[in-house]
Protein chains: 2
Amino acid sequence: MEQPGHLPTLAFLAKSLADENRLRILLSLGNGKKSVSAIVQELQLSQPLVSHHLKELRRSLLVRVERQGPFIYYEMSDPRIVEILKALDNLATGLLAARTTF
Amino acid sequence: MEQPGHLPTLAFLAKSLADENRLRILLSLGNGKKSVSAIVQELQLSQPLVSHHLKELRRSLLVRVERQGPFIYYEMSDPRIVEILKALDNLATGLLAARTTF
DNA sequence: TCAATATATCAATGTTTATTTATATATTTA
DNA sequence: TAAATATATAAATAAACATTGATATATTGA
């Protein structure tokens with residue numbers, strides 16, 4: 001069986017996905033590019049908080065950035081991200097189901 | 001496009017995967033069940049640290065537990081876990097490659 | 001029952017992280 | 001150039017988290 005590679009990188013990526021608000025932002029960006037203020041409005045989060053989370057998402061390369069005048073647009077950088085989140089979701093569901101059947 | 005479900009659960013699972021030593025322990029347990037002391041020896045980590053991480057892995061249902069006399073054996077609870085970690089690994093590799101090609 | 005072995009837990013410590021409030025920076029228009 | 005808009009950043013704060021050294025708990029055999 002082949003093992004996953006660089007563990008620090010894996011841990012770093014997982015950490016980037018380990019906050020609910022950040023996940024909400026990331027998933028919102030899976031629906032196409034959005035400006036910071038649009039995210040702020042849509043998710044009812046504070047602007048500095050959104051900026052902070054976007055900065056983390058930039059660091060982990062999970063988002064792409066594009067400036068247009070005063071607006072900065074962000075979008076999810078890779079469709080595999082949603083697939084992985086779905087797989088995690090299925091895993092969680094499965095683990096919970098298996099636990100309650102004991 | 002269908003969105004992943006319960007975000008707090010997703011964040012919780014991601015957090016459980018967000019530490020390198022914990023990943024090392026989890027992956028080691030993907031090769032069959034092991035006692036705490038075996039993990040301690042194999043990974044050269046302190047016993048309390050291993051116990052602490054195992055406790056977190058138990059909480060997130062990522063491991064199964066079985067006692068035999070003084071020994072407690074742990075193993076990975078679901079093969080999907082490794083698949084997800086591999087997918088994350090591939091994602092990381094891909095994102096890094098895409099960045100360096102800009 | 002006691003001693004030995006295995007492992008969980010406790011307490012302390014330092015580091016990391018999310019959030020808020022305030023301010024700095026960047027872009028555009030009048 | 002100044003004002004308005006968009007957004008990044010700074011600083012403070014509280015909470016969460018990983019690790020270590022010490023101790024408590026569980027199991028077994030003599």
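Bear in mind that the values here come from a model prediction, so they are computed numbers and not experimental data.
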Atom-pair distance (CG on A:Asp19; P on C:dA18), nearest Å: 5 Å
Contact state string [nucleotides 25-30 of chain D, B base, S sugar-phosphate only, - no protein heavy atom under 4.0 Å]: -SSS--
Salt bridge (charged side-chain N to carboxylate O under 4.0 Å, His left out) pairs, two or more places apart, involving residues 36-48 of chain A: A:Lys34-A:Glu42
Whole-Å distance separating the CZ atom of B:Arg24 from the P atom of D:dT19: 10 Å
Length of the line joining B:Ile72:CD1 and C:dA6:C1', which is rounded to integer Å: 8 Å
Residue pairs fulfilling salt bridge (charged side-chain N to carboxylate O under 4.0 Å, His left out) with at least one residue in residues 7-32 of chain A, sequence neighbours excluded: none
Short side-chain donor-acceptor distance under 3.5 Å, B:Ser37 and B:Gln41: no
Distance in angstrom units between B:His53 NE2 and D:dT20 C1', rounded: 12 Å
Hphob cluster co-occupancy, B:Val65 + B:Phe71, side-chain heavy atoms under 4.5 angstrom: no
Short side-chain N/O contact to C:dT19 OP1/OP2 from A:Asn21, under 4.0 Å: yes
D:dA8 phosphate, OP1 or OP2, under 4.0 Å from A:Tyr74 side-chain N/O: yes
Interface residues of residues 36-51 of chain B with DNA chain D (non-hydrogen, below 4.0 angstrom): B:Ser46, B:Pro48, B:Leu49
Under 3.5 Å donor-acceptor, B:Arg67 side chain and B:Ile72 backbone: no
Proximity to the side chain of B:His52 - top-ranked nucleotide from D:dA18, C:dT7, D:dA8: D:dA18
Atom pair distance, as rounded to whole Å: CZ in A:Arg59 and C1' in C:dT16: 11 Å
side-chain N/O B:Lys15 vs D:dC17 OP1/OP2, d < 4.0 Å: yes
Whole angstrom value for the distance that separates P of D:dA6 from CD of A:Glu66: 18 Å
D:dT9 OP1/OP2 closer than 4.0 Å to side-chain N/O of A:Lys55: yes
Atom-to-atom span, CD of A:Glu56 to P of C:dT17 - whole angstrom: 7 Å
Same apolar cluster (I L V M F W Y, side chains within < 4.5 Å links), A:Leu95/B:Val82: yes
B:Ser60: side-chain contact (heavy atoms from CB on, under 4.5 Å) partners, not counting sequence neighbours: B:Phe12, B:Leu13, B:Ser16, B:Leu62
Heavy-atom pair of closest approach, residues A:Arg64 and A:Met76: NH2-O, 4.0 Å
Between P of D:dT7 and CG of A:Leu54, the distance in whole Å: 10 Å
Residue pairs fulfilling salt bridge (charged side-chain N to carboxylate O under 4.0 Å, His left out) with at least one residue in residues 45-60 of chain A, sequence neighbours excluded: A:Glu56-A:Arg59
